[in-house]
Number of protein chains: 2
Amino acid sequence: MKLPVSTEWVLHCATTLAQLEPGDSASAAQLAAYYDLPGPYLTKQLKALVNAGVLTAATGPRGGFRLAHPAAEITLLRIVEAVDGAAPPYECREIRQAGKGALPAADCRETCVLAAKMAEAHQAWRSSLDAVSLADILGSLPATAPARTRSKLKG
Amino acid sequence: MKLPVSTEWVLHCATTLAQLEPGDSASAAQLAAYYDLPGPYLTKQLKALVNAGVLTAATGPRGGFRLAHPAAEITLLRIVEAVDGAAPPYECREIRQAGKGALPAADCRETCVLAAKMAEAHQAWRSSLDAVSLADILGSLPATAPARTRSKLKG
DNA sequence: GTAATGATACTCGGATAAATACTGTCCGAGTAACGAGGG
DNA sequence: CCCTCGTTACTCGGACAGTATTTATCCGAGTATCATTAC
């Protein structure tokens, strides 16, 4: 169970975008330089956030990416699932119905207990991430962070 | 974030082993036939459980695998982490210290807020799985299950 | 009848290929800004 | 001085290789069992 490395990229990039002044945006090239990341691949990931409705993208000069919603409405869960997909990590393939020990279909009306427990754990993970918004993250940064971020991003 | 397919295999196999009479064991070939799984590869995964201390393996005739501890002491977490590894899915590579926007080392004494939140979520997932033992799973099965399992496994 | 011994068959164990998904890269389509020119 | 228009340069967007992890497989080392044989 491993999250893509790009998860860290987009989490930090989203935090960065949340520090911009309203109406402003940052290009993929700027963000890539800011964090020393491969630009084109980062673009691909940010596009996934656009498809998920977390960011909006504008082309042309002074274009780039910005948050599609207020920072308080964007949770870490939405960002993570945008790049990694929302599919549960444990996929029940119903092996209890295969092989020599196959259970009759009548005994499988209820979902497999193991699958249910794994789904519960996944839900606990999701709830934990859904409880944290970008606004919460910004609140834990020093008050001087946004100005610094904007400055370094432009230069 | 995806768990190996073999996770389902070992969870079901462990549940099966927990239904055997004390002192009895099942071979990888028996378990593979019981669930219609690729035998050699299943062996490899069960071996991982042995290395993790969840199962014990005995060679020779009437050998095979059995639980290394009482079912009540084996949690789903130990089984899952045995096959998938215990490494957290989110790996912080400290990109905040790289690139044009690199933070000075003095500001990075505390762990990154994002990494901390991701670690919290992972811990929530682990706690959820650690709260369920094989005994709990057996308790939710019909009372006739163990006898049926033993019968079909031998045949 | 009992115990020791040798052969046997069954078990796990590690080293070896194929497949899938993540990672990284390139070039093209589209668009907003900018500057020049005319009114 | 203001508006229109053409150019420009910058942006995202999708199609194309490289690499690592997962999946699957094979054959060899080791051992408890079973039959045989001697006592």
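A, B, ... follow the sequence lines: proteins, then strands. Residue 1 opens every chain. Heavy atoms only: backbone and side chains are in, while hydrogens, waters and symmetry mates are out.
At the heavy-atom level, B:Pro40 lies under 4.0 Å from base atoms of the strands shown. At the heavy-atom level, B:Pro4 lies under 4.0 Å from the strands shown only through sugar-phosphate atoms.
For D:dG14, the OP1/OP2 oxygens have a side-chain nitrogen or oxygen of A:Lys47 closer than 4.0 Å. The phosphate of C:dT23 (OP1 or OP2) has a side-chain N or O of A:Tyr41 nearer than 4.0 angstrom.
Distance A:Leu3 CG to C:dA21 C1': 14 Å, rounded to the nearest Å. The CG atom of B:Leu42 sits 17 Å away from the P atom of D:dT22 (whole-angstrom rounding). One can place CE of B:Met1 at 16 Å from P of C:dA21, the figure rounded to the nearest angstrom. A:Leu46 has its CG atom 15 Å from the C1' atom of C:dT23, to the nearest Å. Here the C1' atom of nucleotide C:dT20 and the NZ atom of A:Lys2 are 13 Å apart, to the nearest Å. Atom-to-atom, NZ of B:Lys44 to C1' of D:dC27 comes out at 14 Å; the value is rounded to the nearest Å.
Side-chain proximity of B:Arg62 to the nucleotides D:dT33, D:dT11, D:dG13 is greatest for D:dT33. Between C:dA15, C:dA32, D:dT33, one nucleotide has an atom nearer to the side chain of B:Pro61 than all others, and that is D:dT33.
Between A:Asp24 and A:Lys154, at least one side-chain nitrogen of the basic residue sits less than 4.0 Å from a carboxylate oxygen of the acidic one, meeting the salt-bridge criterion.
Less than 4.0 Å separates DNA chain D from at least one heavy atom of each of the following residues of residues 24-32 of chain A: A:Ser27, A:Ala28.
Note on residues 28-48 of chain A: pairs passing side-chain hydrogen bond (donor to acceptor under 3.5 Å, both in side chains), not counting sequence neighbours, are A:Thr16-A:Tyr35, A:Tyr41-A:Gln45.
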